[in-house]
Amino acid sequence: MTTRIDGATTYQHGSEKRVIGNVLRGSIGNLVEWYDWYAYAAFTTYFAKSFFPTTDTTAAFLGTAAVFAVGFLMRPLGGWMLGRFADRFGRRSALVLSVSLMAGGSLLIAVTPSYHTIGIAAPILLLTARLIQGLSVGGEYSTSATYLSEVATPGKRGFYSSFQYVTLYGGQLLALGLQLILQAILTEQQLTSWGWRIAFVVGTFAALTVMWLRRGMDESESYQREAGENKGERGTLRALIKYPKEIALVVGLTLGGTVAFYTFATYSQKFLENTAHIPRRQVTIVLFCAILLAAILQPVFGRLSDRIGRRPLLLFFGIGGTLLTVPLMTVMGSTRNPVGAFFLVLAGLVIVAGYTSINAIVKAELFPTKIRALGVGLPYALTVAIFGGTAELIAQAFKSAGHETVFFWYVAGCVLVSLIVYGTMRETSKTSELEERQ
């Protein structure tokens, strides 16, 4: 049951169940989106030479890392196109469209023949698929962040919005979990030859299922309330540029967080295998366990932000990431013990949780409803494309040049820039339109 006060919605009695239902339906689509996205990163070690044949493992990884990075270039376009679409035509419709695009990209990867079969067309088709997926993920982030923040119960927005990264990590866990299963039932040769394609077939069917489920989601009441207002400016760049300070804040908030996240959550898999020389299967187990615990931490940190504010958690990440990234990565590169590697990766992810658990709600709290999806999506996607998407490529390039440790300082420096932003920004949880219009 809901009641309206001064044009806003307050939730009463049994309406919490409806909130939970909307959050779950929005989140499961986010989970599948990120499963498809991370399946690429998780199975790179198996299919790299199928698309970039070479006897040098690092060179093959560089090829797939470059495609991974180029896929990020589409995320700003996705953030703009689907953010605009969500602000003009609704969050639900945009979420259905984003997962449909992801299904198409995954299917293309699953059926593309190897370089030995079709030559240069193989990496071109791989690149095309990643561009489609980049477009999808660019729109998914902004729209799901906006949707979760708008349907959440006032006073619990940090908690409910944290499920965006619960499902993001969940998607990665599904990719790693499937990898563990395939490693157990298939030989190394089978996985390298054709087994890796199973991951993308699974992703295709999962995305199609979620596309159907999302059609039954409730539309955000914040969007419905203002859908008829300012139609000419809703979701336009003209309206967005009226918020230059907020745009700059999104960039500053994101820079260090996205670099640190992709370093510990994705690149660490190749780092432990290629630098620490820990066996591939053990690395998969290490990442799976560390990411599982990191996923559990997200709502804990999110709920904490509802009590003490968003800035303290951001400062925790900023200070920890600046001071501890270099020591953690240095020790991680020299360890040969999987248990030690697990605790090192987990330590990095705990620090990053100060950012990941609340970054979506902080950005949503900066913008009004009419421009929220575009305001969250475009500057975020641009920053992730430039810094997050290139993190692994930069790391591999430094390693190839014999200066791998320089990358550790690069990550710490990016976090330091964000720390400066966290130290000077205002607390958003008590001053946003989302809270003022409860």
Side-chain angles (χ1 to χ4, degrees), residues 72-88 91 94 137-150 157 161 164 220 222-223 226 229-259 261 305 309-311 313-315 317-318 355 358-390 413-437:
F72 276 82
L73 297 179
M74 289 297 284
R75 292 180 65 165
L77 182 59
W80 170 66
M81 290 178 60
L82 293 177
R84 175 182 172 86
F85 188 90
D87 284 329
R88 294 180 68 86
R91 320 311 191 197
V137 171
E140 172 71 21
Y141 175 88
S142 60
T143 309
S144 63
T146 298
Y147 182 78
L148 292 177
S149 68
E150 290 178 349
R157 299 194 192 281
S161 294
Q164 184 179 46
S220 156
S222 294
Y223 173 80
E226 297 189 11
E229 301 176 14
N230 304 310
K231 285 187 176 181
E233 287 199 350
R234 296 188 67 85
T236 63
L237 292 175
R238 182 174 64 254
L240 180 61
I241 60 176
K242 295 178 181 179
Y243 301 90
K245 181 179 178 181
E246 288 77 8
I247 294 171
L249 278 173
V250 171
V251 173
L253 284 164
T254 303
L255 192 155
T258 189
V259 173
F261 170 77
S305 78
R310 321 296 188 209
R311 283 184 73 242
L313 272 74
L314 292 172
L315 291 171
F317 159 67
Y355 163 80
I358 59 170
N359 83 95
I361 185 62
V362 171
K363 293 161 190 170
E365 287 171 338
L366 292 172
F367 296 95
T369 302
K370 66 180 181 180
I371 199 66
R372 184 170 293 133
L374 183 60
V376 171
L378 183 56
Y380 166 83
L382 282 168
T383 309
V384 171
I386 296 170
F387 296 99
T390 58
C414 290
V415 177
L416 176 60
V417 173
S418 286
L419 174 59
I420 295 171
V421 175
Y422 305 151
T424 56
M425 67 179 288
R426 64 177 173 83
E427 174 60 56
T428 63
S429 62
K430 305 301 180 184
T431 58
S432 71
E433 178 196 272
L434 283 166
E435 293 299 328
E436 289 173 354
R437 300 186 64 180

Donor-acceptor pairs under 3.5 Å, side chain of residues 413-420 to any protein atom, not counting sequence neighbours: which ones?
{"from": "Ser418", "atom 1": "OG", "to": "Gly252", "atom 2": "O", "distance (Å)": "2.6"}
{"from": "Ser418", "atom 1": "OG", "to": "Gly256", "atom 2": "N", "distance (Å)": "2.8"}

message = According to side chain to side chain donor-acceptor pair (under 3.5 Å), who are the partners of Thr254, at least two apart in sequence or on a separate chain?
response = Lys363
message = Just to verify, what does Tyr243 make a ring pair (Phe, Tyr, Trp, His ring centres under 6.0 Å) with, not counting sequence neighbours?
response = none
request  = Using side chain to side chain donor-acceptor pair (under 3.5 Å) as the criterion, list what pairs up with Ser305, not counting sequence neighbours.
outcome  = Arg310
key: 4.5 Å side-chain heavy-atom contact, Leu378 and Leu237   = yes
ask   = What pair of heavy atoms forms the shortest contact from Ala373 to Arg91, and how long is it?
value = CB-NH1, 4.0 Å
task = Over all heavy atoms of both residues, which pair between Leu374 and Gly79 is shortest? Give the atoms and the distance, please.
result = CD1-O, 3.8 Å
inquiry  = With a 4.5 Å cut-off on side-chain heavy atoms, are Arg238 and Ile371 touching?
reply    = no
inquiry  = For the backbone of Glu140 and the side chain of Thr143, can you confirm whether one donor and one acceptor N or O come within less than 3.5 Å of each other?
reply    = no
Which residues share a side-chain contact (heavy atoms from CB on, under 4.5 Å) with Ile386, sequence neighbours left out = none
remark   = Residue set satisfying side chain to side chain donor-acceptor pair (under 3.5 Å) with Gln164, at least two apart, ordered chain then number -> Ser144
Residues in ring pair (Phe, Tyr, Trp, His ring centres under 6.0 Å) contact with Phe387, at least two apart in sequence or another chain = none
task = Report the residues that fulfil side-chain contact (heavy atoms from CB on, under 4.5 Å) with Ala381, sequence neighbours left out, ordered by chain and then residue number.
result = Arg75, Pro76
Ring pair (Phe, Tyr, Trp, His ring centres under 6.0 Å) involving Phe317 - partner list, sequence neighbours excluded = Tyr355
key: Intermediate values then yes/no, side chain to side chain contact (heavy atoms under 4.5 Å, CB included), Phe367 and Thr146   = CA-CA 10 Å; Phe367 296 95; Thr146 298; over 6 Å; no
Those residues that, when tested against Met425, pass side-chain contact (heavy atoms from CB on, under 4.5 Å) (two or more places apart) = Leu249, Leu253, Arg311, Leu314, Val362, Tyr422, Thr428
request  = Could you pull out all residues at least two apart from Pro379 that satisfy side-chain contact (heavy atoms from CB on, under 4.5 Å)?
outcome  = Ile247, Val250, Val251
request  = Using side chain to side chain donor-acceptor pair (under 3.5 Å) as the criterion, list what pairs up with Arg84, not counting sequence neighbours.
outcome  = none
